[in-house]
2 protein chains.
Amino acid sequence: MSNDPEETPPDMLETTQERVYRSLRWRIMRGHFKPGRAVTIRGLAEELSVSMTPVREALRRLVSEQALELQSNRRVTVPGMTHEKFRDLADARVALEVLAARQAMRHQSDDLADRLEAIDNELDAAIEAGDAEAYIDRNIAFHFTLYQEAPGSVAMPLIESLWLQIGPFMHLTRQSLGVTYTEDRHTDAIAAIRANDAEALARAIESDIRDGMGSLPREQLPFDEP
Amino acid sequence: MSNDPEETPPDMLETTQERVYRSLRWRIMRGHFKPGRAVTIRGLAEELSVSMTPVREALRRLVSEQALELQSNRRVTVPGMTHEKFRDLADARVALEVLAARQAMRHQSDDLADRLEAIDNELDAAIEAGDAEAYIDRNIAFHFTLYQEAPGSVAMPLIESLWLQIGPFMHLTRQSLGVTYTEDRHTDAIAAIRANDAEALARAIESDIRDGMGSLPREQLPFDEP
DNA sequence: TATCGCAAAATGTGATCACAAGAAACCAAC
DNA sequence: GTTGGTTTCTTGTGATCACATTTTGCGATA
C-alpha cells in the first residue's frame, strides 16, 4: 500500500483518506477553521504526515459537501458568509431537521430521551462553566444523536452538510454564550419525545434552530465578504 | 500537467476530474446506471481514456453525494433501494424543493414562467412521442431551471444529491410513461408563478413530487435488495 | 459432479514525480 | 519611494508505480 519501508500499523481498516477527512470535518464543524482561511494540500499533508493523495481526496470530499470552497484559482478556502446565505441555511436546517426529528420519533428506542437528557445536562454544565468548546460539542451531539435514531436516514448527510457550512461561524456563539440563552428548547424536545408528541418535537426543533441562529448578532458576523 | 507527450488541447479550463464527474453524474441522474452495478476505477479510466487519478476523485465525489455507494470491500457500486429509503427520498425532496421553489419565486426573473412553459411543452411532446429519455431530461430541466432561479442557493446541491439517489430508478418511470400521468402539475406551477402565488406553487411542486414518485409501481421496483 | 485449495488476475490505496499556472519576491529604473 | 518586469517559489493536477487485499479461475481430489 505504501512505498514507505516502515511497517504501517495494522489498523489499516480505516483508510488514510478517511482519517484526514474526519479530522478536517471535526475541526470545521466546531469552528476551528476561520472563514477565508486558505487550505493547501501540501500544508495539510505535512501537518498530518501523509502524502498529498489522501489529503486531496479529503479536500475534494469536503468541497462537494460545501464545507470548503473551490476558488477559480483551484485553491481551497473556508467559505465566507452572506446574510442571504445565512438565512437560507437556517431555512434548510428547519426543513430537514424537522423532517429528521419526525423520523427519529418513529424509530425511537426507549432510552433516547434519557441519552438526550444526559447530553443536555452536559450542555448546561458547559454553559455554566463558560466552556464554549464543550457547549458546541454537546450541541452537535444532541442534534445528531436525535437524528441518528432513524437508521440510514436520507436526510442525515444533507443535515451534516448544512452544519459544516455553519461550522466556521459556530465560534460566534461563544460570545453570546449564556447571554441570549433564554429558553431551553432541548428540554422541550425531550419532553415531546417522552410524550410521543411529534408536533411538539417539530416545534421545539424549529425554535431551537431559529433561536440559535437568530441570536447571532448580525453586526458581528463577518458577513458579505468577497 | 501531464507526462503524456501529446499536446493537450487548450481547453484545460475544466479539469479532467470535472469532466469525468459531469459525465458520470449525467448518466446516473438519467438512470443509465443500473442499481447494483459495480463501478471500477480502472474500467472507467480506460473507457474515458484518462488515468486513474481523476476517476478516483470523481467517484469519491459521487460517493460523498450519496450517488454511489462505497462497500466494505472498498468497491463502488450503484446503491440499491428500499421502500423506506424511497419514501424518505420523497419526503426530503418535498421539504427541500418546496423551499427552493419559494426562494425561486422571490428571485424570479420575468421570463421564468415562459422558459418553464417551453420546457414543459417539450416534456409533453416527449410523452406524446413515447420518448422516455427526452421525458426524463426535460423533467430534470424543468425542476432545476426553477430552483436555479435563486442564485447560490444552499438547497440546490442538496436537491441534486437527492435526484442522484433516485436516478438509477428513474428508468422505471418509462414504463408508466403516459399511463399514470393524469394531471399536469407543471402547468399548475407555471400558473402559480405567473400569479405570484407562493402557496399554490408549493402545492404544485409537492403534488408533482408525490404523484411522480407515488406512481412508480412498488411491486416492480427492485426493492429491498441486499 | 462437487468441493477445496492454490495460483493468477483484478482492484483500491497511497506515494512520488513532472508539469503548468499562479503568486510572491526581488531588483532595477525612474 | 514607486512602479514595472523578471525570476523564483508555491500550488494544484494528472500520470505512474508499488503494494495489500480481494476476487476470480482452475485444477486436483474425493
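Labels below follow one simple rule: chain letters A, B, ... track the order of the sequence lines, proteins then strands, and each chain is numbered from 1.
Of the side-chain N and O atoms in B/N73, one or more sit less than 4.0 angstrom from OP1 or OP2 of D/dT23. Taking only side-chain nitrogens and oxygens, A/S51 never comes nearer than 4.0 Å to OP1 or OP2 of C/dG14. For the pair B/T53 and D/dG14, the criterion of a side-chain N or O lying under 4.0 Å from OP1 or OP2 is not met.
Ionic pairing of A/E18 and A/R22 is present here: one or more N-O contacts between side-chain nitrogen and carboxylate oxygen are shorter than 4.0 angstrom. In summary, A/D88 and A/R93 do not engage in a salt bridge, as defined by a charged side-chain N under 4.0 Å from a carboxylate O. A salt bridge is defined here as a Lys NZ or Arg NE, NH1 or NH2 lying under 4.0 Å from an Asp or Glu carboxylate O, and A/R115 with A/E149 meets this definition. Using a cut-off of 4.0 Å between Lys/Arg side-chain N and Asp/Glu carboxylate O, A/R27 and A/E47 are scored as salt-bridged.
Here D/dT11 presents its C1' atom at 14 Å from CD of A/E46, a figure rounded to the nearest Å. Across the protein-nucleic acid pair, A/M52 atom CE and D/dT11 atom C1' stand 8 Å apart, rounded to whole Å. When the C1' atom of D/dG14 is taken as reference, atom CZ of B/R19 falls 12 Å away, rounded to whole Å. Rounded to an integer number of Å, the gap from CG of A/L44 to C1' of D/dG12 is 13 Å. In this structure, the CD atom of A/E14 is 17 Å from the C1' atom of D/dT21, given to the nearest Å. Atom CG of A/L70 is separated from atom C1' of D/dT11 by 13 Å (rounded to the nearest Å).
You'll find the side chain of A/L62 stays beyond 4.5 Å of the side chain of A/V39, heavy atoms only.
Using modelled atom types and a 3.5 Å distance limit, the side chains of B/R74 and A/T15 yield no donor-acceptor pair.
One donor-acceptor pair, N or O on each side, does fall under 3.5 Å between the base of C/dG14 and the side chain of B/R56.
Both B/V50 and A/L59 lie close to DNA chain D; mapped to their nearest nucleotides by heavy-atom distance, the more 5′-ward contact belongs to A/L59.
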Under 3.5 Å between N/O atoms: give me all the protein pairs with nucleotides 7-11 of chain C, atom names plus distance.
| residue | atom | partner | partner atom | Å |
| --- | --- | --- | --- | --- |
| C/dT11 | O4' | B/R75 | NH2 | 3.4 |

Full working for side-chain contact (heavy atoms from CB on, under 4.5 Å) between B/F144 and B/I119: CA-CA 11 Å; B/F144 284 12; B/I119 294 171; over 6 Å; no
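Across all strands, A/Q17 comes closer than 4.0 Å only to sugar-phosphate atoms, never to a base (heavy-atom distances).
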